[in-house]
Amino acid sequence: MKLSRREALRLIAGAAGVPAASRRLLAQMASAHPQPQVQPRSGTPIADFVDIAAIAGLNTKVTIGGLREKHYILETTGGGVALFDYDNDGWLDIFLVNGASLSSAEGPPSSNRLFKNNRDGTFTDITERAGLLRHGWGQGVCVGDYDGDGWLDLFITYYGKNALYRNNHDGTFTDVTKAAGLLTDANAYSTGAAFFDYDRDGRLDLFVAHYVDYKEATSHDAAHGDNCKWRGVPVMCGPRGLKGAKNTLYRNRGDGTFEDVSEKAGIDSGEHYGFTPLVLDYDNDGWPDLYVANDSTASLLYHNNRNGTFTELGSLAGVAYNEDGREQSGMGTDAADYDGDGFLDLVKTNFEQDTATLYHNHSDGTFDDVTFHAGLGVNTSFVGWGTGFLDFDNDGWPDIFMANGHVYPAVDKALGDTSYKQRKILYHNRGNGTFEDVSIRSGDGIQLKRCSRGVAFGDIFNTGQTDILICNMNETPTLLRNRMQYKRRAITIQLAGKKPNAFAIGARVTVQAKSLHMMNEVRSGGSYLSQNDLRLRFGLGDADKADKVMIRWPDGSEDVLTDLPGDHLVVLAPGGKILSSTKYRDTPAKLLKVS
């Protein structure tokens with residue numbers, strides 16, 4: 001008997017107690033037509049990404065545990081970044097989450113950093129002036145206007161007490177964590193977070209993922225007798241064997257406070273090793289669902305029941321495991337309609353000796369793991385973290401970027417095909433459901449080896465390009481700028497929503513340009529514990545305008561606009577109002593000359 005891969009996966013996921021070997025056998029039976037791996041090749045450059053962090057003034061080192069040794073699992077995670085406009089001047093600013101070290105020999109305690117965009121290709125560190133100095137084991141970051149005043153607020157996760165900073169509209173922030181009722185996770189190992197309006201009452205709620213139990217984070221060390229090894233080398237322990245943690249959902253009461261509704265909403269569903277939550281409407285019903293990339297346990301898909309509750313459907317939907325029915329070490333995740341069929345697909349990064357995973361949405365509430373068919377099965381020696389879809393060449397098809405870096409510094413002492421510092425990966429969307437690894441044809445910045453974690457994507461200089469900000473363990477960040485010029489145009493859509501959701505988080509934008517059909521959503525959180533630009537950018541291929549732009553606002557209302565010009569940033573409001581349409585700016589000369 002031969003099953004389809006989808007049938008096998010449903011059977012595997014639904015059968016409690018099935019041994020791993022049997023699950024793999026079922027998956028092999030389902031793989032009737034294995035796809036050959038497509039190897040990266042040299043040739044004509046397709047992009048020219050360079051690191052401009054130093055000339056942009058991003059010289060702050062991010063501290064995450066020891067530089068040469070990682071004794072505990074706490075020292076291996078963390079490192080989110082954010083691109084957001086904190087002062088409403090129309091330019092993206094930069095926020096770096098900082099960690100700490102267990103040894104004074106690694107230097108003084110570090111703080112998170114906020115950099116103001118100077119609009120000339122450089123940034124100024126204004127952390128202290130903004131009231132954001134704080135030392136501790138920072139992990140992730142997301143933004144959202146939780147109080148509906150039209151200014152973005154900042155939420156930062158920690159090993160320990162999380163922090164909600166209210167934007168004061170004057171360039172400063174106030175820590176309102178306690179007043180907002182968000183100290184229930186004070187003794188937790190929090191990781192990713194996202195604001196979203198799960199009950200569609202107009203107010204932004206908050207989801208927080210957690211990794212391992214708080215006490216377990218610093219209690220298992222190979223150097224102190226624990227027998228944990230990787231390729232024969234003694235290493236820190238975890239996460240397998242450690243106690244997991246539960247996720248938390250906070251409902252916004254509308255008075256500046258939140259209530260923990262995890263249990264009654266159906267989010268409190270067992271213990272996991274949670275990393276990155278991703279909000280998406282995967283079934284196109286107009287209500288936000290939630291995917292969570294978990295490390296070493298099945299990933300989760302919380303389906304919104306439209307009544308204030310969720311049902312976890314990861315296994316039934318086909319996104320909990322890979323096509324072999326195996327749990328993966330999920331780190332980062334993103335969603336996009338990579339094949340233009342009108343449904344959001346998923347990508348997820350994982351640990352080494354495995355591939356990243358690409359899940360194709362079948363429009364019936366289920367997904368298939370198409371990793372090998374789509375050409376993403378070529379890389380197995382990387383530990384993947386931050387990831388995202390971006391159209392770097394404006395052809396109208398979302399490409400995929402991944403940042404990588406190992407968890408064990410000791411890997412450099414072991415024999416193998418990997419290293420602690422690793423290069424990035426860039427996959428080019430061929431437009432036929434498959435991708436090509438074009439990393440070696442995409443510039444020195446992609447080849448740059450770092451031990452990376454969080455990644456954020458956005459048009460930092462308002463030039464129509466997507467820039468990439470990357471957190472690196474115990475080093476300064478990387479800021480990738482694509483210097484290659486493309487004749488194709490793009491359009492950027494910024495939504496000005498109805499208060500209290502003034503930034504329209506959860507809205508969906510669909511763009512048609514000649515034969516291209518593109519779609520994405522405005523979301524808080526994602527990638528790996530990070531925050532992307534809230535503006536949505538679409539390459540237009542051979543078109544010089546967007547023939548049709550359809551907006552589905554968070555409350556379900558819809559607008560349709562026609563003939564919006566390419567090479568413009570267009571700000572739209574409910575009712576189909578065009579608030580502004582601004583032509584892209586020229587790239588600052590200093591960014592084009594960087595070597």
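Atoms OG1 and CG, from Thr434 and Asp339 in turn, are 11.0 Å apart once rounded to the nearest 0.5 Å.
Taking the six-membered ring wherever Trp is involved, the centroid distance between the rings of Tyr211 and Phe275 falls below 6.0 Å. For Phe435 and His373, the ring centers are positioned 6.0 Å apart or more.
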Residues Arg306, Asp285; criterion salt bridge (charged side-chain N to carboxylate O under 4.0 Å, His left out); working and verdict
CA-CA 9 Å; Arg306 313 184 206 179; Asp285 67 352; 3.3 Å; yes

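Taking 4.0 Å as the cut-off between side-chain N and carboxylate O, Asp542 and Lys514 do not count as a salt-bridged pair. Note on Glu521 versus Arg508: salt bridge recorded, some NZ/NE/NH1/NH2 to OD/OE distance being below 4.0 Å.
Side-chain atoms of Ser439 and Arg423 include a donor-acceptor pair closer than 3.5 Å.
With respect to Trp91, the side chain to side chain contact (heavy atoms under 4.5 Å, CB included) criterion is satisfied by exactly one of Asp85, Asp459, Ile460, Asn117: Asn117.
Side-chain contact check for Phe95 versus Leu154: some heavy-atom pair is nearer than 4.5 Å.
Contacts of Phe392 classified as ring pair (Phe, Tyr, Trp, His ring centres under 6.0 Å), with partners at least two apart in sequence or in another chain: His428.
For Asn432, the CG atom counts as densely surrounded, since its 6.0 Å shell holds more than 12 non-hydrogen atoms of other residues, nucleotides or ligands.
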Listing, residues 561-578 side-chain donor-acceptor contacts under 3.5 Å, not counting sequence neighbours, or none:
residue, atom, partner, partner atom, Å
Asp563, OD1, Lys545, NZ, 2.9
His568, ND1, Gly566, O, 2.8

